Amino acid sequence: MKTRTAPAASASLVIVESPTKVATIQKILGAGHTVASTKGHFADIPERGDAVDTENGFAVRYRLTEKGAAVIAELRDLLDGATELVLATDADREGEMIAHLLVEFLEPTVPVKRVRFGAITPDAVREAMANPTAIDASLVEAARTRRVLDHLFGFRVSPELWSKVRTGLSAGRVQSPALRMVVERERERMDFIKASYCSIEMTSGTDPVFEAVLRTLDGTQVAGSGDFDEHGEISRGMRVVDEVLAGDLVARLGASPLTVTGIENRDYRRRAPLPYITSSLLQDAVNRLGIGSKAAQAALNTLFAAGHITYPRTDSPHIAPQAVAAARAAAIQLFGDGCVPEKARHHRAKNRNAQEAHEALRPTVMSRREVKSAGTNAARIYDLIWRRTVASQMLDATGTTTTVSMTTVAAGKRETCVFTVSGTVIEVPGFRAVTGDDRGEPALPPLAVGDVVPVGAFGFTPHTTKPPARYTEASLIKALEEKGIGRPSTYAPIMASLKERYVWSRRGERALIPTVTAFAVDQVMQKCFAALTHEKFTSTMEDRLTEIVEGKAGYVDVLSAFYLEGDGTWPALSRLIEDGRNLFDPRVTPVMSFGVHPELSEEAVLRAGKAFKSRNGAWMPRPYLACGDRTVPVPDATEMDTLTRAHVFELLVQDRSPRTIGEHGGREVRIEFGVYGAYVRWGGEIARMPRDLDVLAASFEEIRGLLDNPPEPKARKAAAGTGRTRARKSSVARKPRKKR
DNA sequence: CAGTGAGCGAGCTTCCGCTTGACTT
């Protein structure tokens, strides 16, 4: 709440972006200053496809948003009695634009200063206030260019998806490459060819017991999981041990002891981690705590509002000097004098697109070891942040990794078998002492060349190679951050928006699985707009924006190259749109083709389908398989790597008429086929057919358990609805989907 | 959740990046 008392005679109105910063800065500046906030952007270009006049110098007009009008009205009142206006918005591109728009909409008659706080500490704030500058017009120009480019991308490309795939779909500079990565990964999984191999292990008869693995067989390397490519082919010069050979070898090895034939020592070093930035924290929240990006970001906001941590949306690992000192002191207090490097560490962002307007995520007060409400997301995340902050100032973890080679000769064919085992002795635990990820390295008994190692047993384990893992929220955020796509304030919203339309996860799992719709959309993007979904698109754009900041290019140059003319790297968007209209017709080209069906003698294809209204009024996408005039619906939330050619062919000829298989409690039990696959119905009750049962052959006995304990009805978490229940006009913040 | 894919055409959808509340439980 802002007070409406008349400002003091020589009051200066200081405007920041975040209301939660106001109190802190007010306290630092004291009387004579009134601190207020814009609550982020308050003006924007209209949400209409024709908001940008591409014919006339890409002219746009920023207008106040509904909430923004109220903010500006309030700031105007405060400005009334002020003698100067201080623009203290964030020291990044968007912050410069907000400062510029403040001048445009407030129309101040008093002197205007621009200050940039490096951190919200008394020293940093006072120093910034003492060194005011002016608004950087070229930074504003770069911000406007970014805004208009994103608008053109989103609002001119999305309609192409409506005509080619289905209404309501979306494309954008950030979401389209993100979707591309998820879909591409799924394709890699579909094309992946598994390979089988065995590992042969020796369990020692020593104390402590250790396990060594067969590395070479008669001088030839034995293949492990990393030695196969995606086609299941083995790298050259490697040997695959199959089950027959493995069983035979183990039998012939008997219990013959090994002789140590080599010992190799290597230095071991793990660098102390950088302090958290938003993206790395969200990754750890997901990976280490199992907290989703949305909940994690919300917890960060809570911690910030309570004054426990620094600003929660940051791309800089830099920490203010006093905080570095406090972190070192905390480390020394816990682990003694020798646990920190002589010189304090200072970190800069690795990503060259980082704007570093805020400090790293760190506790505001290092002596606050924990926050109240133990066990909550906020408390657990605070603990992560506290530990990481201390860890970032501690020594690297160092030690020695020892690899021991042991040799024996198998009976019979007398192959020479070399087994190896590695162990690491940590000499300096360094930061690991505080982050707690001190993985217990297996201890090895002291061994020397020539020693005989008694054997407990030989054995073997069959393995198959695994396709590349699907992205999770954590790994996708990491990939986006590394490629400079998206900003700290947008990672969590991007994940939410992908989940709303294009990806889903199995219950209780984190892997992001693209929907059929996602494949259809990505196909259009690849066929018609490939250059725009390239992972380098954003970094190329950032290079152009840098040229604007450096005065080497202008707003019209960059947008004209993007939209009208194209340049070396970008084909003109207007041209792509026009060409794309003739280039790709989804009625001709299906989402996927499986070849000619051997019985139906027509091409089997997967189509995205249009949306149908479900019982509860939501518009649901309905993809289907088609072959001639036969169609079979498939859920949008399908794991595409299960749609193998054989499975598709089978689905197309499957008898899908309902059949009665028994009776339960006086009611007929039937297997029926719905749009989401087979299900069991008895009376009014319904249960999805378990995945592992053969739909055609399932007997009454097999589904009996289902009848007694019907599974919980699945929460309709809208894997991918195009239908929205939320109405969204103007730039009012997104509301969560209403529960039905 | 649990049976639709024609054709016509009205009226609608959609971006990224800043930032909080105001609803409940």
Side-chain angles (χ1 to χ4, degrees), chain A residues 16-21 37-45 47-49 51-52 65 67-68 71 89-90 92-95 97-98 101 143 146-162 166-176 298 301 304-305 311-313 357 485-491 493-494 497 501 538 587 607-616 618-620 622-624 626 629 631-633 635 656 658 672-681 686-689 713-716 718-719 722-724 727-728 731-733 735-736 738-740:
Chain A
V16 296
E17 286 179 42
S18 163
T20 27
K21 286 180 185 171
S37 79
T38 70
K39 301 182 184 172
H41 273 298
F42 50 82
D44 196 7
I45 59 182
E47 286 196 303
R48 293 184 9 223
V52 181
T65 59
K67 282 169 141 181
V71 169
T89 49
D90 293 353
D92 55 20
R93 201 161 59 209
E94 296 299 320
M97 178 54 108
I98 293 175
L101 291 169
R146 195 282 306 160
R147 179 69 192 92
V148 169
L149 189 148
D150 282 343
H151 189 277
L152 287 172
F153 190 146
F155 281 68
R156 304 276 166 125
V157 175
S158 296
E160 302 306 308
L161 296 177
W162 306 343
R166 192 185 299 139
T167 62
L169 297 173
S170 61
R173 176 177 57 80
V174 172
Q175 62 172 274
S176 294
N301 294 346
F304 173 60
Y311 199 69
R313 291 172 288 270
I485 302 172
R487 303 271 310 130
S489 68
T490 62
Y491 296 126
I494 290 164
S497 119
R501 258 189 295 262
T538 288
R587 282 165 305 184
R607 295 194 181 280
K610 42 186 191 184
F612 284 81
K613 208 166 193 166
S614 72
R615 284 280 153 85
N616 46 33
W619 287 86
M620 298 294 292
R622 290 283 170 77
Y624 61 99
D629 46 16
T631 64
V632 176
R656 298 172 71 81
E672 299 180 7
F673 292 83
V675 288
Y676 304 104
Y679 60 97
V680 183
R681 177 199 291 282
I686 270 174
R688 182 193 279 264
M689 192 76 188
K714 228 181 177 170
R716 262 204 76 261
T722 43
R724 317 296 249 294
R728 198 154 66 86
S731 50
V732 179
K735 289 197 185 83
K738 287 262 191 306
K739 287 228 179 70
R740 279 173 294 268

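Being a predicted model, the structure only gives us computed values, none of them experimental. In what follows, chains are A, B, ... by sequence order, proteins preceding strands, each numbered from 1.
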Select one nucleotide: of B/dC15, B/dC16, B/dT20, the one nearest the side-chain heavy atoms of A/Ser170. B/dC15
Closest to the A/Lys39 side chain, choosing from B/dG3, B/dC18, B/dG21: B/dG21
Under 4.0 Å, heavy atoms only, any strand: does A/Thr89 hit a base, just the sugar-phosphate, or nothing? nothing
For Watson-Crick and G-U wobble pairs within 3.5 Å on both distances, what is DNA chain B written in dot-bracket notation, | included for inter-strand pairing? .........................
Just checking A/Arg156: base, sugar-phosphate only, or nothing, at a heavy-atom cut-off of under 4.0 Å? nothing
Within less than 4.0 Å of OP1 or OP2 of B/dG17, is there a side-chain N or O belonging to A/Thr490? yes
Is A/Tyr624 stacked on the base of B/dG5, with ring centres under 5.5 Å apart and planes under 30° apart? yes
Which part of the nucleic acid does A/Gly486 contact within heavy-atom distance under 4.0 Å: base, sugar-phosphate only, or nothing? sugar-phosphate
Is A/Phe155 stacked on the base of B/dC15, with ring centres under 5.5 Å apart and planes under 30° apart? no
Polar pair under 3.5 Å, donor/acceptor by atom type, side chain A/Arg487, base B/dC18: no
Counting the atoms with a prime plus P, OP1 and OP2 as sugar-phosphate, which does A/Thr631 contact under 4.0 Å by heavy atoms, base, sugar-phosphate, or nothing? base
Which pairs, protein N/O on one side and nucleotides 6-10 of chain B N/O on the other, fall under 3.5 Å?
unit_1 : atom_1 : unit_2   : atom_2 : d
B/dA6  : OP2    : A/Lys610 : NZ     : 3.2

